[in-house]
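One structure is given below, encoded as structure tokens.
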Amino acid sequence: MKRALTLFCLWILAVHGVETDYDYVVVGTSPISLFEAIYRTCQGNRVLVVEQAAECGGAWKSITICGIPHVDLGCHEFGKDARVQQFLEQYAGCTIIQNAPRDGGKSAKNWGIYPAGGCYELTHNLELLMEAVGTKLLLNSRLESVYVDTAREIAEVKINGKIYTTPKVVVTGCSDVRMENTWREPVSNHSKYPHIYILIADATPTRFTYAQPGIRGVSRVMNVSQFLGLEETGLQLIAMQIHGESFLQNGPKYFEELKKLKLIDASAELLRTENYIYEQVTLDRGQLQHAFFEILDTSHIANIGSQAEKWKTSMRPWNEIMAKTY
Ligand SMILES: Cc1cc2nc3c(=O)[nH]c(=O)nc-3n(C[C@H](O)[C@H](O)[C@H](O)COP(=O)(O)OP(=O)(O)OC[C@H]3O[C@@H](n4cnc5c(N)ncnc54)[C@H](O)[C@@H]3O)c2cc1C
């Protein structure tokens, strides 16, 4: 009888596989990871998304800075791919505008597409979509380690001290993953991206949205005012990505440089400067047991364009999902 029961259990396992807590555990919440998680949920999978930060977005998250909420972390460009625009509008409910000054700045370059409400609009909508389709999201939760059980063909992931099982962990080139059963210590490669924000009083129209102004120590600059609805307030908020932490004290100096370059008005007043450093990790691919991991290509946001057709096969348009939910 006992033998028959054992054989029956083995048969069940052979037919149905090992029962796990989730079909996929996705590490990180930059937009491509979230679209992928939503797509897999829509295919009928149980998907857990784990994010160590308090908010979604990764390098595309928004922060509260100089007293203003929902400000883009740093400077961004989405590119000019019409497929990305169409997908973000129809499937993420974003209003897409041009990354160029709405008025004024007639000679300013157009850097392609951008959500009207900045990166916050995209990541916030993706959070709403996850809730609507049933993707489980854990914020403030670090995936501490992964143990691969090759006999059962599952990975055990430790999150907040709790173990969850899954056959597949979905990571990106920026996931900080530590294997428990590895033959060597993981190489943790952290890069820092320091930013200076300057809040100014300048009632003239925005003259640029994105620029590489050739200021020493500055990689790129973004005037995020119009994405925050600051027009008509007399305030402008400018984000600057700088080359290193040694330049972090240069806010007032860079403010003067922007005046000289006529990117802001000569009468502008500096109200406040604040700094923000984003830290990114390079995935240690060598220690992964690759059969249990899938690595998404998140290297450029424009990759949304090449994935969109696949995602559309299972996702429903934003309006349909939201009409059903609310
Ligand atoms: C400042 C900055 C600006 C950029 N601007 C652009 C741009 O304009 N256009 C463009 O195409 N690309 C840009 N990039 C490139 C950018 O890295 C990619 O577009 C994209 O964000 C990469 O996504 P990712 O998920 O791999 O990494 P990230 O965006 O860094 O996200 C990784 C996420 O995973 C989380 N995470 C990592 N390990 C764990 C763990 N163990 N447990 C829980 N959570 C974890 C992190 O907290 C983070 O939220 C920029 C990068 C930076 C740093």
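The shown structure was predicted, so the numbers you read here are calculated from the model rather than taken from an experiment. In each ligand, atom 1 is the first atom listed, and ligand 1 is the first ligand listed. The figures here come from the full heavy-atom set of this structure, side chains too, leaving out hydrogens, waters and symmetry mates.
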Legend entry - From the candidates H300, Q280, R220, the one that places a heavy atom nearest atom 3 (C) of ligand 1: R220
Inset, instruction - Determine the minimum heavy-atom distance between T29 and C56, stating which atoms define it. - result: OG1-CA, 3.4 Å
Inset, instruction - Please determine if G57 has a nitrogen or oxygen closer than 3.5 Å to a nitrogen or oxygen of ligand 1. - result: no
Inset, instruction - Return yes or no for this condition: an N or O of S175 is under 3.5 Å from an N or O of ligand 1. - result: no
Inset, instruction - Check ligand 1 against C75 and write out every atom of the ligand that is under 4.0 Å from a heavy-atom position of the residue. - result: 5 (N), 8 (O)
Legend entry - Proximal atoms of ligand 1 relative to G28 (non-hydrogen, under 4.0 Å): 33 (C), 34 (O), 35 (C)
Inset, instruction - Would you check the N or O atoms of W60, main chain and side chain alike, for any that come under 3.5 Å of an N or O of ligand 1? - result: yes
Inset, instruction - Check ligand 1 against E51 and write out every atom of the ligand that is under 4.0 Å from a heavy-atom position of the residue. - result: 33 (C), 34 (O), 35 (C), 43 (C), 44 (N), 46 (C), 47 (O), 48 (C), 49 (O)
Legend entry - Proximity flag S141 to ligand 1, non-hydrogen atoms under 4.0 Å: yes
Inset, instruction - Just jot down the side chain to side chain donor-acceptor pair (under 3.5 Å) partners of Q307, sequence neighbours excluded, or say none. - result: K310
Legend entry - Under-4.0 Å heavy-atom contact between protein and atom 14 (N) of ligand 1: no
Legend entry - Polar contact flag for Y193 and ligand 1 (N/O pairs, less than 3.5 Å): no
Legend entry - Atoms in ligand 1 with a heavy atom of H195 nearer than 4.0 Å: 1 (C)
Inset, instruction - Taking all heavy atoms of G305 and all of D81, pick out the closest pair and write down the distance. - result: CA-OD2, 4.0 Å
Inset, instruction - Kindly assign one of parallel, tilted or perpendicular to the pair Y120 and H70, based on the angle between their ring planes and the thresholds 30° and 60°. - result: parallel
Inset, instruction - If you have a sec, work out which protein heavy atom is nearest atom 50 (C) of ligand 1 and how many Å separate them, to one decimal? - result: A59 CB, 4.2 Å
Inset, instruction - Run the numbers for me: atoms of ligand 1, each under 4.0 Å from some heavy atom of E77, listed by number. - result: 7 (C), 8 (O), 9 (N)
Inset, instruction - Report the nearest protein non-hydrogen atom to atom 31 (O) of ligand 1: residue, atom name, distance rounded to 0.1 Å. - result: G58 CA, 3.6 Å
Legend entry - Non-hydrogen atom of V177 closer than 4.0 Å to ligand 1: no
Legend entry - R220 and its side-chain hydrogen bond (donor to acceptor under 3.5 Å, both in side chains) partner, picked from E77, Q241, H76: Q241
Inset, instruction - Take the angle between the ring planes of Y197 and H195 and call it parallel below 30°, perpendicular above 60°, tilted in between. - result: tilted
Inset, instruction - Just need the protein heavy atom nearest to atom 36 (N) of ligand 1, so name the residue and atom and give the distance. - result: Q52 NE2, 3.7 Å
Inset, instruction - Quick one: look up the protein heavy atom nearest atom 41 (N) of ligand 1 and list residue, atom name and how far away it is. - result: D176 O, 2.7 Å
Inset, instruction - Pick whichever of I159, L143, D72, I301 has a heavy atom sitting closest to atom 11 (O) of ligand 1. - result: I301
Inset, instruction - Do me a favour and list the nearest non-hydrogen protein atom to atom 23 (O) of ligand 1 with residue, atom name and distance? - result: S30 OG, 3.1 Å
Inset, instruction - Step through it carefully: locate the ring centre of F87, locate the ring centre of F35, and say whether they are under 6.0 Å apart. - result: yes
Legend entry - Ligand-side contact atoms (ligand 1) for residue partner V50, heavy atom cut-off under 4.0 Å: 43 (C), 44 (N)
Inset, instruction - Give a yes/no verdict on whether any heavy atom in G74 is under 4.0 Å from an atom of ligand 1. - result: no
Inset, instruction - Can you tell me which residue pairs pass the side-chain hydrogen bond (donor to acceptor under 3.5 Å, both in side chains) test with a partner in residues 280-291, sequence neighbours excluded? - result: R184-D284
Legend entry - From NZ (K80) to CG (N110), nearest 0.5 Å: 5.5 Å
Inset, instruction - Tell me, with the steps shown, if N223 and Q236 meet side-chain hydrogen bond (donor to acceptor under 3.5 Å, both in side chains). - result: CA-CA 7 Å; N223 188 330; Q236 294 190 20; 2.9 Å; yes
